[in-house]
Structures are given as structure tokens and as C-alpha cells.
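The shown structure was predicted, so the numbers you read here are calculated from the model rather than taken from an experiment. First the proteins, then the strands, lettered A, B, ... as listed; each starts at 1.
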Amino acid sequence: MGTRHEPAAYVEAVLDVVELIPAGKVMSYGAIAEYLADRFDRGSARRVGTIMALHGGSVPWYRVVNAVGRLPPGHEITARRQLAAEGVTFRGERVNMTAHAWFPADGR
DNA sequence: ATAATGACAAGAA
DNA sequence: CTTCTTGCCATTA
């Protein structure tokens with residue numbers, strides 16, 4: 001649907017979604033791209049990752065992890081500390097996605 | 001215009 | 001579990 005692909009608008013949309021993620025929950029790059037797919041034609045996990053790398057500093061970036069729960073390269077220490085403080089549990093190096101993966105719409 | 005490069009993802013082996 | 005291959009899309013060289 002939505003045939004819109006304004007770069008700035010997409011960046012804004014991504015950051016907005018990240019701000020919606022509740023403490024103690026996480027979303028994957030792919031989930032964010034999937035959620036925005038309704039309103040933006042061009043979008044991808046790849047794109048969301050790039051956006052987070054460049055503009056993630058203004059939002060709770062540590063609540064965004066990859067599909068298997070791995071933390072963003074170069075920021076594992078900080079991210080893990082933040083998440084642990086919010087009650088997120090880990091399975092080795094990975095976030096326990098089964099317990100903390102979150103998606104809008106369903107509220108929660 | 002082609003090629004390489006990413007805070008990615010899913011499937012095959 | 002690890003590695004490789006495809007598909008993805010913007011950016012940079």
C-alpha cells in the first residue's frame with residue numbers, strides 16, 4: 001500500500017517505533033521494517049540497521065537487537081547492561097527473544 | 001553504471 | 001553449533 005518513500009520520513013517513523021518499545025522488551029530490525037511495511041514501500045531490516053547506526057543515539061537503541069537476540073556490534077557491553085537493568089534475561093550472548101520480543105499493535 | 005559495504009534475515013548444508 | 005548463499009536497500013567508492 002502506502003507508496004511513499006521519503007528518506008527523512010522513514011527515519012522518523014523508525015525512531016518513533018523504537019520509542020514505543022516498553023522497558024524490558026526488545027524489537028528486531030526486521031520486525032520494525034515489517035511493521036512499517038504497511039505505510040512505506042521501501043523498507044528492509046538492512047535499512048533499519050543503517051538508520052539505527054546513524055541516528056539511534058536519540059532513542060533507546062539498545063532495545064533493538066537482531067532477529068536472534070544478538071546485540072549491536074561494538075555496543076554489546078552497554079546494551080547488555082541497560083537491558084539487564086530493565087529485567088531482560090539472556091541466554092549466553094543472546095537476548096531471550098521468546099520472553100522479551102515485542103511488537104506494537106497487540107499493545108502490551 | 002558497476003562494485004563493495006553495512007547495528008539484517010532466513011534458509012541450506 | 002558454524003558457514004555459506006540469497007535477498008534486501010541505501011550509501012559510498
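Checked against side-chain hydrogen bond (donor to acceptor under 3.5 Å, both in side chains), A/Tyr29 has no partners two or more places apart in sequence or in another chain. Under the ring-ring contact (aromatic ring centres under 6.0 Å, His included) criterion, A/His55 pairs with no residue at all, not counting sequence neighbours. Annotation: side-chain contact (heavy atoms from CB on, under 4.5 Å) contacts of A/Thr50 (sequence neighbours excluded): A/Leu54.
Within residues 11-21 of chain A, no residue has any heavy atom closer than 4.0 Å to DNA chain B. In the region residues 79-86 of chain A, proximity to DNA chain B at under 4.0 angstrom, judged on heavy atoms, holds for none of the residues. Residues from residues 62-70 of chain A lying near DNA chain B, meaning a heavy-atom separation below 4.0 Å, are A/Asn66, A/Ala67 in numerical order.
Rounded to an integer number of Å, the gap from A/Leu36 CG to C/dA10 P is 14 Å. Distance A/Tyr29 OH to C/dA10 C1': 16 Å, rounded to the nearest Å.
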With a 3.5 Å cut-off and sequence neighbours excluded, list the donor-acceptor pairs that the side chains of residues 63-74 of chain A form with protein atoms.
from, atom 1, to, atom 2, distance (Å)
A/Arg63, NE, A/Glu86, OE1, 3.2
A/Arg63, NE, A/Glu86, OE2, 3.3
A/Arg63, NH1, A/Ile21, O, 3.1
A/Arg63, NH2, A/Glu86, OE2, 2.7
A/Asn66, OD1, A/Val68, N, 3.0
A/Asn66, OD1, A/Gly69, N, 3.1
A/Asn66, OD1, A/Arg70, N, 2.9

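Sorted by first and then second residue, the salt bridge (charged side-chain N to carboxylate O under 4.0 Å, His left out) pairs with a member in residues 52-62 of chain A form an empty list; sequence neighbours excluded. The list of salt bridge (charged side-chain N to carboxylate O under 4.0 Å, His left out) pairs with a residue in residues 13-22 of chain A, not counting sequence neighbours, is empty.
For B/dT5 and C/dC8, the C1' atoms lie 14 Å apart once the distance is rounded to whole Å. Taking atom P on both C/dG7 and B/dA7, the two are 23 Å apart, rounded to the nearest angstrom.
A 4.0 Å heavy-atom criterion places the boundary nucleotides of DNA chain B facing chain A at B/dG6 to B/dA10, written 5' to 3'.
Taking the ring axis of A/Tyr10 as reference, the NZ or CZ atom of A/Arg42 does not stay both within 45° of it and closer than 6.0 Å to the ring centre.
More than 12 heavy atoms of other shown residues, nucleotides or ligands fall within 6.0 angstrom of atom CD in A/Glu76.
Proximity of A/Glu34 to A/Ser28: side-chain heavy atoms (C-beta onward) are nowhere separated by under 4.5 Å.
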Expected rows: protein N/O vs nucleotides 3-9 of chain C N/O, under 3.5 Å:
from, atom 1, to, atom 2, distance (Å)
C/dC9, O4', A/Ser44, OG, 3.2

